[in-house]
Amino acid sequence: MHCPFCHNPESRVVDSRSSEDGTVIRRRRECLNCHRRFSTAETASLSVAKHGGLLEPFSRQKIITGVRKACQGRPVTDRQLAILAQTVEDEIRATGASEVKSNDIGLAILRPLRELDEVAYLRFASVYQAFDSLDDFEAAIAALRADDALRRGERGED
């Protein structure tokens, strides 16, 4: 880490603190040349492997943007989208992998999106599960209805 003041490449760590959620470590450093102090933040890197083999850094904002398109015209708030994106990121990071396929991210979005809005789920699923026909939509709708009936039955609703 180069000093932001004199660009010396050597510094020492004076203090380290973890964020509340444990995803970031904040380090207070002192430059060994000019003795000025500066802060750095460390996070575990997560890369996304795109379809063409290109790697790019994981972006929670890209999840929000993609899901927002599926939620267009639906009663879904920005806060709900942010929570969904955080849920997906937490699930992916919990695997411990430093690299994830973009398609796996799309598939990880499906469960929380289904809980959020079933119409948006169908829109999104039609892309990530490569629906080819009306039969694919009908099967997805039948699965949603069966799952709803099962949940109502577990809660004793009629």
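Treat the numbers as computed from the prediction; the structure is a model and nothing was measured. Quick note: residue numbers are just sequence positions, from 1.
Note that CZ of Arg68 and CG of Asp78 are 4.5 Å apart. Values are rounded to the nearest 0.5 Å. Atoms CZ and OG1, from Arg60 and Thr87 in turn, are 10.0 Å apart once rounded to the nearest 0.5 Å. A distance of 8.0 Å separates OH in Tyr128 from CD1 in Ile105, rounded to the nearest 0.5 Å.
With sequence neighbours excluded, no residue satisfies ring-ring contact (aromatic ring centres under 6.0 Å, His included) with Tyr121. Looking at residues two or more places apart in sequence or on another chain, you find a salt bridge (charged side-chain N to carboxylate O under 4.0 Å, His left out) between Glu30 and Arg12, Arg37.
Of the possible donor and acceptor atoms, none in the side chain of Glu115 sits under 3.5 Å from a partner among the backbone N and O of Pro112. Under a 3.5 Å cut-off, the side chain of Asp136 and the backbone N or O of Asp132 do form a donor-acceptor pair.
Checking Arg27 against Ser16 by side-chain atom types alone, a donor-acceptor pair falls below 3.5 Å. A donor atom on one side chain and an acceptor atom on the other are not found under 3.5 Å apart for Arg26 and Thr40.
Scanning all heavy atoms of the two residues, the minimum distance from Leu46 to Glu99 falls at CD1-N, 4.3 Å. Residues Ala143 and Arg114 come closest through the heavy atom pair O-NH2, 3.4 Å. The heavy-atom pair separating Leu32 from Ser11 by the smallest distance is CG-CA, 4.0 Å. The nearest pair of heavy atoms linking Val48 to Lys101 is CG1-C, 4.5 Å. Ala49 and Leu55 get closest at one heavy-atom pair: CA-CD2, 3.6 Å. In terms of heavy-atom proximity, Phe124 sits nearest to Leu110 at CD2-CD2, 3.7 Å.
Under the 4.5 Å side-chain criterion, counting only non-hydrogen atoms from C-beta, Cys3 is in contact with Cys34. Using a 4.5 Å heavy-atom threshold, the side chains of Arg29 and Ser39 count as separate. Taking the side chain as every heavy atom from C-beta outward, Phe58 and Ser47 never approach each other to under 4.5 Å. Counting only heavy atoms from C-beta outward, the side chains of Asp147 and Arg151 approach each other to under 4.5 Å. Residues Cys71 and Leu81 have side chains in contact (heavy-atom distance under 4.5 Å, counting atoms from C-beta outward).
Here Lys62 pairs with Glu56 in a salt bridge; the nearest charged N to carboxylate O distance falls below 4.0 Å. For the pair Asp90 and Arg93, the salt-bridge criterion is not met [side-chain N within less than 4.0 Å of a carboxylate O]. Using a 4.0 Å cut-off between charged nitrogen and carboxylate oxygen, Asp15 and Arg17 count as a salt-bridge pair. Salt-bridge formation is detected for the pair Arg111/Glu91: a Lys NZ or Arg NE/NH1/NH2 atom is positioned less than 4.0 Å from an Asp or Glu carboxylate oxygen.
If you run side-chain contact (heavy atoms from CB on, under 4.5 Å) between Val88 and each of Ile109, Ile64, Leu107, only Ile109 comes through.
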Inset, instruction - Carefully, step by step, assess Arg123 and Arg74 under the rule side chain to side chain contact (heavy atoms under 4.5 Å, CB included). - result: CA-CA 11 Å; Arg123 291 173 178 171; Arg74 303 296 304 155; 3.8 Å; yes
Inset, instruction - Go through the steps to decide whether Cys31 and Phe5 satisfy the test side chain to side chain contact (heavy atoms under 4.5 Å, CB included), and finish with yes or no. - result: CA-CA 9 Å; Cys31 175; Phe5 307 107; over 6 Å; no
Inset, instruction - Start with the C-alpha distance between Arg145 and Asp148, add both sets of side-chain angles, then the distance that settles salt bridge (Lys or Arg N to Asp or Glu O under 4.0 Å), and finish with yes or no. - result: CA-CA 5 Å; Arg145 286 186 173 139; Asp148 284 347; over 6 Å; no
Legend entry - Full working for side chain to side chain contact (heavy atoms under 4.5 Å, CB included) between Gln80 and Leu84: CA-CA 6 Å; Gln80 289 172 311; Leu84 181 141; over 6 Å; no
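Side-chain heavy atoms closer than 4.5 Å link hydrophobic residues (I, L, V, M, F, W, Y) into clusters, and following such links, even through other members, never connects Met1 to Val24. Each of Phe137 and Val119 belongs to its own hydrophobic cluster when Ile, Leu, Val, Met, Phe, Trp and Tyr are linked at side-chain heavy-atom distances under 4.5 angstrom. In the hydrophobic clustering of ILVMFWY residues, with side-chain heavy atoms under 4.5 Å counting as a link, Ile92 and Ile83 come out apart. Connection of Phe131 to Leu113 is not established within any shared hydrophobic cluster, with ILVMFWY side chains joined at heavy-atom distances below 4.5 Å, either directly or through further cluster members.
At most 12 heavy atoms of other shown residues, nucleotides or ligands fall within 6.0 angstrom of atom CZ in Arg36. Heavy-atom contacts from other residues, nucleotides or ligands closer than 6.0 Å to CD of Gln61 number more than 12. Environment of CZ in Arg28: crowded, with over 12 heavy atoms of neighbouring residues, nucleotides or ligands closer than 6.0 Å.
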